[in-house]
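Each remark here refers to the structure printed beneath this line.
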Amino acid sequence: MDRKDEKSEAKGKGGNKPFQSDKAEGFLEVERTLNFHLLPKTVKRRVYALKRLQLQSANIEAKFYEEVHELERKYAGLYQPIFDKRRDVVAGAVEPTDEECEWQSDREEEDLAEDLQKKAALEEKQADSAGADDSKGIPEFWLTIFKRVDMLGEMLQEHDEPVLKHLQDITVKFSEPGQPMSFTLEFHFEPNSYFSNTVLAKVYKMKSEPDAADPFSFEGPEIVDCEGCKIDWHKGKDVTVKVVKKKQKHKGRGTVRTVTKEVPQDSFFNFFNPAKASPDGMDEDLDFTLAADFEIGHFFRERVIPRAVLYFTGEALEDDESYEEEDLEEGEEEDLDDEGEEEDEGDFDPTKDPPPAECKQQ
């Protein structure tokens, strides 16, 4: 979660409200403005000086994030050989050595009872023998990740799954030095019967500069636009559309004919045909769609690509869910306590239950 999200979340939870007030928000804003204008002229001059300093600080912060982007680009080059090896193992292009496959799993084995260990060993042996003839790489590695991760699973349709079985790798590339800030997600596919592309790409354009109209709202880089790519579907294989048959009756002759046409349908591959920002920026539904798209782009870049194997095994999901459960439990405790108190009060019957000890008449 970036700084802006953290601050937005805090606001949503009342984290920035030191006290409660019955005054309307609009009235408080007017009151704050009036209070400022009631300040002596000499004090207001000094406040304006502080705001100029704040603007300088925002400009420095923007430069800081630009350098962070350059650092990300530098380290992306160091990560890439590791990700290349991961791709080769997943695709079955290379077979890791015994040494490379060693993994300390004593803790996992200790958690299993002896009989369960025997059962697990038997099932593993059966799985090995079943896949010994044609085992290659890690089948459906990325498709499994899509199915496991809620954010991606919501985009996934049943007709997408056969296509995503051919997905071999997902990579991220950062813009070159001196170029506008951006990052590109690249989805690498093996040759397949669905489309001729070997790579489907999506570019997320970013900016790291205070808005001239509202410079004090700056809290770091933000995605401002994204561009997809054209998918060269083979005939009859486009999963982003479906064929609908419709009967038409001729007005004069009364004859009936059946016509077919293609209509859009939900698909993960619509991800590569993103909505474009409205020039006036007044469409709330479009703004929501773009915000969701940007969030998914960040999720691929910051979590799925660097930690793919942990999403495949489910370990990363457990980490994500533990944070969500902690937040949920904290929010629910107060509600449960309140409900509990109400239930206790409602269950008490003075004609049947004696009063509490401290309330007994003397």
Side-chain angles (χ1 to χ4, degrees), residues 76 78-109 111-112 116-117 119-173 184-195 197-202 239 267-269 271-272 296 299-321:
L78 301 179
Y79 286 124
Q80 197 54 51
I82 298 173
F83 294 155
D84 288 344
K85 184 68 176 287
R86 179 180 71 185
R87 176 202 60 214
D88 292 342
V89 172
V90 168
V94 300
E95 184 63 33
T97 65
D98 291 341
E99 182 180 357
E100 290 173 329
C101 293
E102 288 182 2
W103 184 257
Q104 183 66 30
S105 58
D106 290 345
R107 190 183 69 178
E108 297 173 8
E109 294 176 358
D111 292 341
L112 293 173
L116 291 178
Q117 289 184 32
K119 182 180 178 181
L122 178 61
E123 291 176 348
E124 183 178 354
K125 185 177 180 180
Q126 291 173 343
D128 287 343
S129 60
D133 295 336
D134 57 356
S135 177
K136 180 181 178 182
I138 304 178
E140 301 182 12
F141 178 80
W142 291 101
L143 175 58
T144 301
I145 293 173
F146 271 73
K147 289 181 175 180
R148 284 184 179 274
V149 179
D150 288 342
M151 183 182 293
L152 305 182
E154 290 173 358
M155 305 166 63
L156 184 67
Q157 306 298 320
E158 186 175 351
H159 46 261
D160 294 326
E161 295 186 17
V163 190
L164 287 172
K165 287 181 180 180
H166 299 284
L167 179 59
Q168 292 186 311
D169 199 16
I170 307 176
T171 61
V172 60
K173 288 186 176 180
T184 302
L185 299 177
E186 293 186 347
F187 295 71
H188 299 256
F189 288 82
E190 65 182 353
N192 61 81
S193 62
Y194 293 92
F195 46 72
N197 311 66
T198 56
V199 178
L200 300 182
K202 188 167 183 179
V239 296
S267 168
F268 162 72
F269 291 91
F271 179 72
F272 299 98
I296 292 167
F299 188 71
F300 271 118
R301 166 192 165 183
E302 297 176 356
R303 300 188 68 80
V304 175
I305 294 175
R307 310 177 72 207
V309 66
L310 301 182
Y311 281 100
F312 178 81
T313 62
E315 294 166 85
L317 297 174
E318 293 174 3
D319 292 341
D320 293 345
E321 289 171 359

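Computation of the quantities below employed the complete heavy-atom set of this structure, encompassing side-chain atoms and omitting hydrogens, waters and symmetry-equivalent molecules.
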Exercise for review: Test I145 against I170 for side chain to side chain contact (heavy atoms under 4.5 Å, CB included), laying out the working first.
Suggested key: CA-CA 12 Å; I145 293 173; I170 307 176; over 6 Å; no

Check your understanding: Can you check side chain to side chain contact (heavy atoms under 4.5 Å, CB included) on V149 and R303, steps first, answer last?
Key -> CA-CA 11 Å; V149 179; R303 300 188 68 80; over 6 Å; no

Practice item. Evaluate side chain to side chain donor-acceptor pair (under 3.5 Å) for S267 paired with H159, printing each intermediate quantity in order. Key: CA-CA 8 Å; S267 168; H159 46 261; 4.7 Å; no

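For the pair E161/F146, no side-chain contact is recorded, criterion being any heavy-atom separation below 4.5 Å from C-beta on. Counting heavy atoms from C-beta outward, D169 and W142 have side chains that approach closer than 4.5 Å. In this structure, the side chains of D160 and F269 come closer than 4.5 Å at one or more pairs of heavy atoms. Taking 4.5 Å as the limit, every side-chain heavy atom of Y311 sits out of range of all side-chain heavy atoms of L152.
Counting all heavy atoms, side chain and backbone alike, K165 lies closest to L143 at CG-CD2, 3.6 Å. Shown here for F272 and A201, the closest heavy-atom pair between the two residues is CD2-O, 3.8 Å. Pairing each heavy atom of R148 with each of G314, the nearest pair is NH1-CA, 4.0 Å.
Residues forming a side-chain hydrogen bond (donor to acceptor under 3.5 Å, both in side chains) with T313 (at least two apart in sequence, or on another chain): E315. Listed by chain and number, the residues in a side-chain hydrogen bond (donor to acceptor under 3.5 Å, both in side chains) with E190 are H166 (sequence neighbours excluded). For K85, the side-chain hydrogen bond (donor to acceptor under 3.5 Å, both in side chains) partners at least two apart in sequence or on another chain are E100. Every residue two or more places apart in sequence or in another chain that forms a ring-ring contact (aromatic ring centres under 6.0 Å, His included) with F141 is listed here: F312. Applying the ring-ring contact (aromatic ring centres under 6.0 Å, His included) rule to F189 yields the partners F195; only residues at least two apart in sequence or on another chain are considered.
A distance of 10.0 Å separates OG1 of T198 from CG of N192, quoted to the nearest 0.5 Å. The distance from atom CZ of F271 to atom NZ of K202, rounded to the nearest 0.5 Å, is 4.0 Å. The distance from atom NE2 of H188 to atom CG of L200, rounded to the nearest 0.5 Å, is 10.0 Å.
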Could you list the donor-acceptor pairs under 3.5 angstrom formed between side-chain atoms of residues 86-93 and any protein atom two or more places apart in sequence or on another chain?
unit_1	atom_1	unit_2	atom_2	d
R86	NH1	I305	O	2.8
R86	NH2	I305	O	3.1
R87	NH1	D84	OD1	3.4

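Residues F300 and F187 bring their aromatic ring centres within 6.0 Å.
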